[in-house]
Structures are given as C-alpha cells and as structure tokens.
Amino acid sequence: MAGKPIGIFDSGIGGLTVFRSIAEQLPGYDYIYLGDSSRAPYGNRSFNTIHQYTWECVQWLFKMDCQLIILACNTASAKALRTIQQKDMQGIDPTKRVLGVIRPTAEVIGNYSATKEIGVLGTTGTVQSESYLIEIQKFFPDLKVYQQACPLWVPMIESGDYEKPEADAIINLYLYELMKQSVNIDTILLACTHYPLIQDKIKALLSPNIKVIAQGDIVAHSLADYLQRHPKMEQQLSKTGTKQFFTTDDTAEFDGHASRFFSAPVTSSHVSVTEFSCG
C-alpha cells in the first residue's frame, strides 16, 4: 500500500467493532487492520506477554508504513500502551503515534450517568489492571466505578455460541455479579471490543433505565478530534479509502468471524508471527 495508512490493532477480531465506527466517521482514509488471532485471547495473559505481543504487532504495522496506530483492544491498551508510549517509542520516528481506547472512553463515560455510579465489564486483564478506575478518576473524581471481569464472554463470542439460547445464562452470570455491587448503577460500559455483539442481549437482561455503552463511536469521535487538533499528522495520512485486513491465524476462519464484527465482508491476508520483530 502506498502512502501512510492508519493502523488498527487487536488481539483478534473484537477491534473490528471499533474499526467499523472509525471507518464510518472517517471513510476517506487508508487503513490496515491486524488481528493477532493465533495468540488470542490476550485477556488472561501476563503483563509481560501482552506487552511483548502488542509491541511486536505495533512494530509490524510501522513497517507497513502506518503513521498512526490505534490499539483497538482494551487489554492491550490497559497493559501495554503506557510502556510502548513512554519506553518503546524512544528511537522510533518521533512523528509516529500509538493511541489506545481507554482514555477516550474515560474522558466521557461519566456524562452518561445520572446517579454517578457506573459499571465496567471487561476481560480479566483489563479489570485487574484497574486502568479504567485510574483514568476515570482523572476526569470524574466523584464517579463511583464498579468492575466485573467476564472471562467466558470472549470465547463464547468468538465461537459464535453467543447466538444460542443458552448464552443468556452465561451473560446474566456476570451481569448479576456486577449489579449486586450497587443498585444505583445506571450506566454500564462495555470495556471489551467483543462485547458489542451481545449488547442487545445485555440490554434485554437489564432494567430498561440502565444505559449500555459501547466504545466504537466514542473512539471514532475522539480520533476525528485528534486529527483535527494535529494537522501535521492528518496531512501525512494517505486518503484513498483503502482497507486491508491481516491475521496471524487462518484467513478463512478469520474472514467468517470478522465479517460479523465488521458488518461487511472481510477478506484478509495471512502474516506469520515469525515475521514480527521483538526489536
């Protein structure tokens, strides 16, 4: 691909829900999506492993001439972004940037709640990192935040089992654990990019006065604002409307699942993890 595309990274296919929103709001840009599906899920892995995998994928996207990379993965944003920004990017072209999905969400999530009590549903890694607690506190110090890890949700969604009737019991299991922490929770953040695929099921199992917030549109709006505030970056990005998809796993399987997440046909190319540099 000629020019400088925007890189979108996820541990697998969940980040496609964010990519979909970004492409809808910023359709003229070139994009490369990389899903590290062969090593997914990241949610239960150690800090060091998540950082290593994420940095390898970021470096590969840099080699593909991406100037700006979005970590469309909450676990990677929670456990790898800070180290990448503060340590790994030293020695890298200073005009390049790596951004995550947690801060943009934390900046606005409090505006949705009337009771000032919200719930956060995420992977074990995201919840244990307490990244949302830390970031939300910066912008909404009076907001009460309750977290719940949902380790069974990502495997259920990636396998397609979320469409089966018995999935409701698995979904309700974690909703019950979250809601019993406070009866005043009126807003729930889906802090994993897989979860929008079960958003309707989640809403159906909750009181109708509880808002369920996905991140896609929030991140897309934040990126549009970022590019407006950074015209030098914006001017470097290529704009032919091209989208490329890469996976570290089987392309046929990736394409089948990814098309549901992206709400459009996806045709990917394979990239082996042996091509990644730990540099």
Side-chain angles (χ1 to χ4, degrees), residues 5-26 29-43 45 50-51 53-58 60-62 64 66 68-81 84 97-105 121-123 125-126 131-132 150 153-155 157-158 162 189-199 213-223 226 243-249 251 253-269 271 273 276:
I6 296 173
I8 311 286
F9 165 72
D10 184 62
S11 59
I13 54 180
L16 288 162
T17 61
V18 170
F19 184 16
R20 180 181 66 209
S21 295
I22 291 174
E24 288 173 352
Q25 289 197 32
L26 299 167
Y29 294 85
D30 295 334
Y31 297 95
I32 294 180
Y33 181 92
L34 172 61
D36 189 16
S37 299
S38 69
R39 301 188 291 191
Y42 281 17
R45 295 188 182 274
I50 294 168
H51 168 254
Y53 290 176
T54 303
W55 180 230
E56 288 174 0
C57 292
V58 165
W60 183 84
L61 286 167
F62 280 151
M64 297 294 285
C66 293
L68 173 65
I69 297 172
I70 309 300
L71 302 187
C73 172
N74 282 274
T75 302
S77 295
K79 291 198 167 187
L81 180 60
I84 288 172
R97 292 289 183 273
V98 180
L99 306 175
V101 295
I102 293 178
R103 186 179 179 91
T105 308
L121 299 169
T123 67
T126 296
S131 294
Y132 273 100
C150 311
W153 281 9
V154 168
I157 294 168
E158 293 217 347
Y162 70 94
L189 171 64
L190 305 182
C192 174
T193 53
H194 283 73
Y195 298 173
L197 266 71
I198 58 172
Q199 186 169 359
I213 308 299
Q215 295 175 288
D217 289 344
I218 293 172
V219 174
H221 177 78
S222 178
L223 177 58
Y226 177 88
K243 302 179 185 70
Q244 285 187 310
F245 301 85
F246 292 87
T247 176
T248 59
D249 208 353
T251 55
E253 183 174 353
F254 177 88
D255 295 350
H257 293 308
S259 297
R260 296 201 313 272
F261 280 70
F262 198 60
S263 297
V266 169
T267 301
S268 64
S269 300
V271 56
V273 294
F276 295 157

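Every value quoted in this text rests on a predicted model; they were computed, and no experiment measured them.
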dist Ile13:CD1 -> Thr247:OG1 (nearest 0.5 Å) comes out at 9.0 Å

Kindly give the heavy-atom pair with the smallest separation between Ala23 and Lys243, and that separation in Å.
CB-CE, 3.7 Å

What class does the angle between the rings of Phe62 and Trp55 fall in, given that below 30° is parallel, 30 to 60° is tilted and above 60° is perpendicular?
perpendicular

For the atom pair CD1 (Ile32) and CD1 (Ile69), what is the distance rounded to the nearest 0.5 Å?
9.5 Å

For residues Phe276 and Leu34, determine if any side-chain heavy atom of one lies less than 4.5 Å from a side-chain heavy atom of the other.
yes

Take the angle between the ring planes of Trp60 and Phe246 and call it parallel below 30°, perpendicular above 60°, tilted in between.
perpendicular

Main-chain N/O of Tyr53 paired with Arg45 side-chain donor or acceptor, under 3.5 Å:
no

Please determine which of Asn74, Asp10, Leu71 meets the side chain to side chain contact (heavy atoms under 4.5 Å, CB included) test together with Val101.
Asn74

Heavy atoms of Ala40 and Ser11 approach each other most closely as CB-O, 3.2 Å

Separation between NE2 (His51) and CD1 (Ile84), nearest 0.5 Å, reads 5.0 Å

How long is the gap from OG1 on Thr248 to CG on Asp36, to the nearest 0.5 Å?
4.0 Å

Quick note, side-chain hydrogen bond (donor to acceptor under 3.5 Å, both in side chains) partners involving residues 13-24, not counting sequence neighbours, are Arg20-Ser263, Ser21-Asp217

CD1 on Ile70 to CG on Leu223, rounded to 0.5 Å
5.0 Å

Does some side-chain heavy atom of Tyr33 sit less than 4.5 Å from a side-chain heavy atom of Val266?
no

Identify the two heavy atoms, one from Thr267 and one from Asp255, that lie closest to each other, and give their separation to 0.1 Å.
CA-OD2, 3.6 Å

Between His194 and Glu158, a side-chain donor and acceptor under 3.5 Å:
yes

According to the interplanar angle, ranging from 0 to 90°, do the rings of Trp153 and Tyr195 count as parallel (below 30°), tilted (30 to 60°) or perpendicular (above 60°)?
perpendicular

Heavy atoms of Ile8 and Ala72 approach each other most closely as CG2-CB, 3.8 Å

Side chain proximity check, Thr54 to Leu81, heavy atoms < 4.5 angstrom:
no

Which atom names give the shortest non-hydrogen contact between Thr105 and Ile218, and what distance separates them?
CA-CG2, 3.9 Å

Would you call the rings of Phe9 and Tyr42 parallel, tilted or perpendicular, where under 30° means parallel and over 60° means perpendicular?
tilted

Contact summary for Pro41 and Val154, nearest pair of heavy atoms:
CB-CG1, 4.3 Å

Validation row: Thr251, Phe245 side chains within 4.5 angstrom (heavy atoms):
no

Would you please say whether a donor-acceptor pair under 3.5 Å links the side chains of Thr123 and Thr75?
yes

From Leu16 atom CG to Thr193 atom OG1, the distance as rounded to the nearest 0.5 Å:
8.5 Å

